[in-house]
Amino acid sequence: MLRITGGKVYDPANNINGIVKDICINDGRIVADVQGGKTIKAAGMVIFPGGVDIHTHVAGAALNFARAMTPENQRRAVPIFHKGERRAGIGGPTPTTFATGYLYAGMGWTTVVEAAVPVLTAKHTHEELRDTPIVDKACCLLMANNELVLDLLEAGEIERAKQVVSWLIGAAKVYGVKAVNPGGVTAWKWGKDAKKLAEPIEGYTKTTPGKIISSLAQIVDELRLPHPLHIHCNNLGAPGNVATTIETMKVLEGRRAHMAHLQFHAYGGDDWHNLRSEAATLADYFNSQPNLTADAGAILFGDAVTITADGPWQHLLYQLTGHKWGNLDVENETGCGIVPYTYRPSNLVNAVQWAVGLELLLLINDPWRIFLTTDHPNGACFWRYPEIINLLMSAEFRRERVKCLPKKALERMTLMDLDREYTLSEIAIIISAGPARALGLKQKGHLGVGADADVTIYNDNPDAYQMFKVPRYVIKGGEIVVEEGDIRQMPEGREFLVQPAYDDTIEEYLRPLFQQVYTMSFDNYPVEMERIARPEVVSSD
Amino acid sequence: MISLTIKEQPAVPLEAECLSPDAVHGLTADAVRALPVFLGKRKCRLDDIFAVEGQGSDELEIRGDVRQVKWIGKGMTRGTIRIAGNAGMHLGAHMKGGNIEVGGNAADWVGAEMTGGLIRIQGNAGGQVGAAYRGSMAGMNGGTILIGGSAGLEVGMRMKRGIIVVAGPVRDFAGLQMKGGSIFLLGGAEIRTGAWMIRGTIVSLKPIRLLPTFSLGCAYNPTFLQVYSRHLTKLGISIPHDVRTGVYERYTGDAAVPGNGEVLVWQPHSS
């Protein structure tokens with residue numbers, strides 16, 4: 001039992017905006033009142049629901065490949081030493097599993113979504129998530145380049161495709177469905193990419209990226225999954241890609257969808273030399289589409305590791321940078337590319353990218369539809385979120401930073417003209433309440449009675465960076481896990497998943513196909529429920 | 001000056017990053033004795049391993065065979081370290097300035113990723129001299145390494161700037177993936193010299209076997225070698241550059257990358 005008293009509460013989901021109010025916790029949940037127990041005196045402090053990261057890459061084969069590829073980053077990173085129950089680990093651009101849990105919790109984030117999981121390597125992902133302590137977790141399943149599904153779409157068998165998707169979700173033990181560069185990763189296996197939404201992809205005659213997007217959105221809606229289709233659009237990172245992004249949004253009209261790392265999809269121009277921000281155009285269109293949510297995928301200057309299922313893009317990035325390149329092929333399902341990258345303010349493209357992330361956050365006017373992410377570790381490491389919060393809350397500080405960019409870059413962005421400053425309540429929406437709602441996690445992102453007792457308490461400080469960098473307390477499931485940046489307890493987090501119903505006969509269809517095209521036997525393919533630490537099945541309603 | 005004498009050869013390698021002018025400067029003898037070192041995974045005091053005499057200063061003298069002592073002079077920016085005997089791995093790694101002199105041999109990773117300063121080894125060195133650590137994009141980025149004897153594998157791997165001179169023969173992959181800087185091989189090299197090199201210069205005074213991805217451009221006496229020669233003479237090394245005594249054959253490669261590096265092989269005129 002715990003009572004937090006005297007703090008200013010920001011709970012936007014319940015329309016509470018900076019009111020001094022007691023928060024009572026019992027048995028891991030928020031309750032109306034408690035008698036006795038411990039009290040935290042929070043006078044002069046600010047109380048938020050625990051942070052929710054809707055799009056991050058913290059576990060799985062691809063991330064592990066990235067860790068192995070960048071020992072130089074780990075040598076430079078701050079080590080976390082073994083102490084009592086706390087495991088040793090390394091921070092840096094791709095933190096180790098235990099360190100990931102400690103760093104997220106240390107910053108006040110209590111729920112994270114691993115955004116890209118192939119079925120084939122889902123076992124590995126869940127095992128790494130098991131070793132990512134404190135935070136609650138969920139996964140999105142990569143589906144837009146799964147050849148079993150694409151073959152069915154080609155044959156016009158949408159109903160059977162739905163059954164297959166449903167079965168695969170159950171087999172992989174995931175929470176949502178993700179589409180990465182729809183059709184492009186499949187085309188990459190032929191050395192091609194899928195750049196146009198209306199053109200059939202390589203290896204198919206009728207299936208187009210647009211068709212894949214609309215079919216998957218339809219399937220996800222029909223299966224009534226709590227989280228809508230999670231989309232990484234075609235043409236990520238390419239100059240002029242804003243047209244593709246808006247076209248994708250048009251394809252999605254009438255459907256729910258979450259647009260991932262929108263920053264990487266909001267560029268104008270037709271070459272690297274004239275790349276410019278089209279954040280205003282994109283935000284304008286997005287504002288008129290209430291069916292959509294998005295996350296920022298902002299970048300910050302410094303070292304990052306780009307890691308995505310978007311293989312063709314990664315090959316291009318490797319050719320542009322001459323840096324290291326890793327490429328993984330995941331049989332019939334997807335692929336993955338990894339290129340370490342350093343964002344530099346002196347680089348025109350990077351300077352524009354930096355501005356686009358912030359512009360989108362400032363120009364999309366409904367904070368309930370745009371969320372704070374860096375597409376960790378692609379745009380920047382997640383532990384740098386407080387830097388972005390600081391940039392959003394102070395227009396003056398932001399302008400100071402813009403002034404440091406090359407003059408040429410300033411002509412290609414509108415950031416200098418934006419006066420909007422985020423309020424604490426709006427920050428609470430973009431880091432917690434909004435993503436929780438978009439994920440359909442009813443017990444997360446708010447402090448109403450019955451919610452999970454995930455609470456972050458900050459010292460009220462005019463310096464937003466300092467305030468958000470080191471919370472005074474972090475409470476996870478009713479336990480005080482962090483006090484002034486020190487990890488106190490390391491409970492195991494839960495994992496959320498969905499188990500949509502499917503027609504049992506679909507296994508009869510899949511089994512022979514599997515024997516023919518997979519290297520793994522059908523019976524070994526699904527992830528056993530026992531492999532998941534503290535699973536919690538979220539119902540489709 | 002501070003003088004350290006090793007008491008006995010440690011059974012496992014000792015990690016002693018504190019053996020650097022930057023770490024001991026201005027410390028009393030007692031403070032130096034208390035500096036932490038790691039014997040395997042155990043933390044010890046410096047005087048558990050070394051007898052320490054004198055005050056902390058910018059001059060260190062290390063006596064005895066310290067072949068098991070790693071990371072001597074790590075990241076040092078100034079001063080001098082003199083080692084009478086053999087030195088252990090990672091000597092002068094990440095070094096930024098100052099001098100290191102070794103009377104005996106040195107192990108692998110001498111001057112790895114260094115950016116400045118001078119390291120002189122009288123005897124032989126191990127592999128990865130001035131190299132990049134695994135995963136790093138660039139090795140040595142300045143400074144000078146002089147080796148009186150032979151050296152091991154991957155000398156100057158991914159080096160970007162600076163000079164390495166090896167008097168004796170070196171083993172395979174000298175200048176592997178080299179991005180700049182100069183390597184002088186006075187005693188020749190084994191195979192695959194300059195593999196994957198992008199830029200930079202490798203000078204060999206002995207005939208060497210080159211990869212098929214290197215092509216012969218011309219034979220000449222580059223003017224810049226006269227400038228280098230003048231510089232190296234001050235360090236006690238002489239490089240031939242007189243047109244009357246011979247010419248350099250210039251090979252470009254490695255075409256497999258493709259790269260623009262050069263390998264200059266000295267061809268003395270037959271007298």
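Reckoned from all heavy atoms, side chains included, excluding hydrogens, waters and symmetry mates. Model, not experiment: these values are computed from the prediction. Every chain is numbered from 1, with letters handed out A, B, ... down the list of sequences.
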Please examine the side chains of A/Pro340 and B/Met137, heavy atoms only from C-beta on, and report whether any two atoms are closer than 4.5 Å.
no
Is it the case that more than 12 heavy atoms not belonging to A/Arg87 sit under 6.0 Å from its CZ atom?
no
Could you tell me whether A/Lys123 atom NZ has more than 12 heavy atoms of other residues or ligands within 6.0 Å of it?
yes
In this structure, are over 12 heavy atoms from other groups packed under 6.0 Å from A/Phe65 atom CZ?
yes
When every non-hydrogen atom of A/Pro71 is compared with those of B/Gly135, the smallest separation belongs to CG-CA, 3.7 Å
Is the number of heavy atoms from other residues, nucleotides or ligands within 6.0 Å of CG (B/Asn260) greater than 12?
no
Could you tell me if the side chain of A/Glu72 sits less than 4.5 Å from the side chain of B/Glu113, heavy atoms only?
no
I need the residue from A/His323, A/Arg75, A/Gln74 with the largest number of non-hydrogen atom pairs under 4.5 Å to chain B.
A/Arg75
